[in-house]
Amino acid sequence: MSDIILEIKDLSTTVGEEKTPILRNVDLSVARGETHIIMGPNGAGKSTLGFTVMGSPVYEVGSGKIIFEGEDITGLSADKRALKGIYLSFQNPIEVPGISMRSFLRSSLQQITGERIKYSDFNKRLEEAMELIDMDPSYADRDVNVGFSGGEKKKAEILQLLMLRPKLAILDETDSGLDVDAVRTVSKGIRAYKDKYNGTLIIITHNAAILESLSVDKTHILVKGRIVGSGSGDLTDEINRKGFEKYING
Amino acid sequence: MKGSFNVNTSPSLTFAKLNMNGDNVGIDTGKLNRDNVRQVITGGGITESDERIVIPLPKTDEDRIFELAEPAEKVMRLTEDASIILEFCGESAIQRVIRVASKKTVNVIEVTKGCGGDQALCSTRYILEEGSRLKLIRIQILDKGTLYIDDLKAVLEKDSYLEVVRIDLGSHRSYIGSHVLLDGKNAEYKAHGDYLLNGDQRLDINMIADHIAPDTVSDMRYDGVLIDSASKLFRGTLDFKSGCKGAKGSENEEVILLSEDVINQSLPIILCGEEDVEGNHGASVGKISDEIIYYLATRGFDEESATKLIIRSKFNTAVSQIYDEKIRGDLTRRIEEVLK
């Protein structure tokens, strides 16, 4: 029997005062340790799905439920979801001036685990994680994302993933804007998260390159806020070859 | 002798109704006593002299207060780094003149703290001799019940560089005045102030940079956080005098407002008596952006912890520049007290 970690039931969301509908009656079930891919044309609602699972106040849940580890978390704030073990890697990571990556990660780790972590243990963990994704160690002492290139910002998101070790990670177009080498490095980090910590992944992507070293369990096609098709990892290849036309017009 | 003095006056007046041109303060100059100020100086390669230094500026009410209160100390001339602790106990005033020797690079850290008393007044004149460089860190952690007037004037000779980093946390009512004369070609002045005010604390700032010589550069920045019913008034003036060709100046501030009851006022002024100059002003005022709060939430911080994290981070840059561990510890404790 599979151990379902996330279950989305009949979820519909709106945005803004005019309550513009984005997601429409979305159902999704993810078992622990699985990797799910969300694909879809621009404006389909892929990022909205990620943000809604992560409790963004920008989107209002009109109906439906989000169940995490058997608990209804639909009404929980984003910080409480993070404490429960959900992580969102941002497509456009936010700059936080004045606080170093090292200090931010340590505070965040302590916030999430509720335990104090020794400097020496933390620094060792940080060093290992940075080495894994070929991140220059000097970035640890730079302000969070401030002055980072697009690629370094994405790496910094994966660094946080490796440090925080959440139960479920949602990666929102982590590969966008990256060159081939950077995609490979980021992909290595994602694979390490999955293998070492039995991580569960929902990957929102347009790019098959990031999936090369990962075994994909399911692929879902999102069009106009609805999941219009689901299948195995092979569906990703089909989309890369033929595009979304069949699903848009179907 | 009790009198009313108009302090922190702006060099260019705006509508009187706005009450931003200066502030009237009642001071009993007869009570002010130099002996109530304990000044401990370490390092500095100091020599003292009786020379009389006159800064070519019109007399202000601050000058009058100090003339009535206390005579100036001997002129100190620094050739090495120095640490100066000023402890104001009781009604107290001190006026000092400090020279930085030609071509020397000197770091000075000044900590102003209190041990009771309603009024703490400090006047300092800095003369930066040709080619000298001074980094001045000023920390003010006076008792909350103290009125504080800090009047700094500086003259920058040719090729000299003055950097002022200041943090203001204490005093219920502070008047921070600084008037810098960029008097020699290529002189450069950089100032960065940070404040954290809560309760009914009020901070009144008056920063003036006079560009007198050609190719002079100034960059003044004041950032802070206002909580509860605290208030702040920032006056910043870049004055490009005739003949300061090629001069560049900028003034900026960033204010985080954490309550509906805070008062934030700004009066940026750029005066231009010369055509070939560049003057800039920028301000960012408001709450912490929802985007940052959400990003931090996804990393496990609730709104309160995220806000505190942002406030601490604002002070990190300044605090990390303080090389004295004890002072750094005192300052961090004061910041944490406000954040409790």
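None of these values were measured; they are calculated from a predicted model. First the proteins, then the strands, lettered A, B, ... as listed; each starts at 1.
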For [X], does the [atom1] atom sit with more than 12 other heavy atoms under 6.0 Å from it, leaving out its own atoms?
X	atom1	value
B/E336	CD	yes
A/Q110	CD	yes
A/K84	NZ	no
B/Q265	CD	yes
A/K80	NZ	no
B/K308	NZ	yes
B/N280	CG	yes

Check: Which of the residues A/I99, A/I86, A/I94, A/I112 is involved in the greatest number of heavy-atom pairs with chain B at under 4.5 angstrom?
Finding: A/I94
Notebook entry, point to check: Between OH of B/Y295 and CE of A/M54, what distance do you get to the nearest 0.5 Å?
Noted result: 11.5 Å
Ignoring hydrogens, what is the shortest heavy-atom contact between [X] and [Y]? Give both atom names and the distance.
X	Y	result
A/P97	B/S313	O-OG, 3.5 Å
B/G300	A/A82	N-CB, 3.6 Å
A/S89	B/R299	CA-NH2, 4.4 Å
A/A78	B/Y294	CB-CE1, 3.6 Å

Heavy-atom distances under 4.5 Å only: say whether [X] touches chain B with side chain, backbone, both or neither.
X	result
A/N145	side chain
A/E95	backbone
A/S56	both

Checklist line | Minimum side-chain heavy-atom gap A/S107-B/L309 below 4.5 Å | finding: yes
Checklist line | Selection from B/N316, B/T298, B/I310 maximising heavy-atom pairs under 4.5 Å formed with chain A | finding: B/T298
Margin query: Between B/S305 and chain A, with a heavy-atom cut-off of 4.5 Å, which part of the residue counts as in contact: side chain, backbone, both or neither?
Written below: side chain
Checklist line | Plane angle bin for A/F104 and B/F301 - parallel if under 30°, tilted between 30 and 60°, otherwise perpendicular | finding: parallel
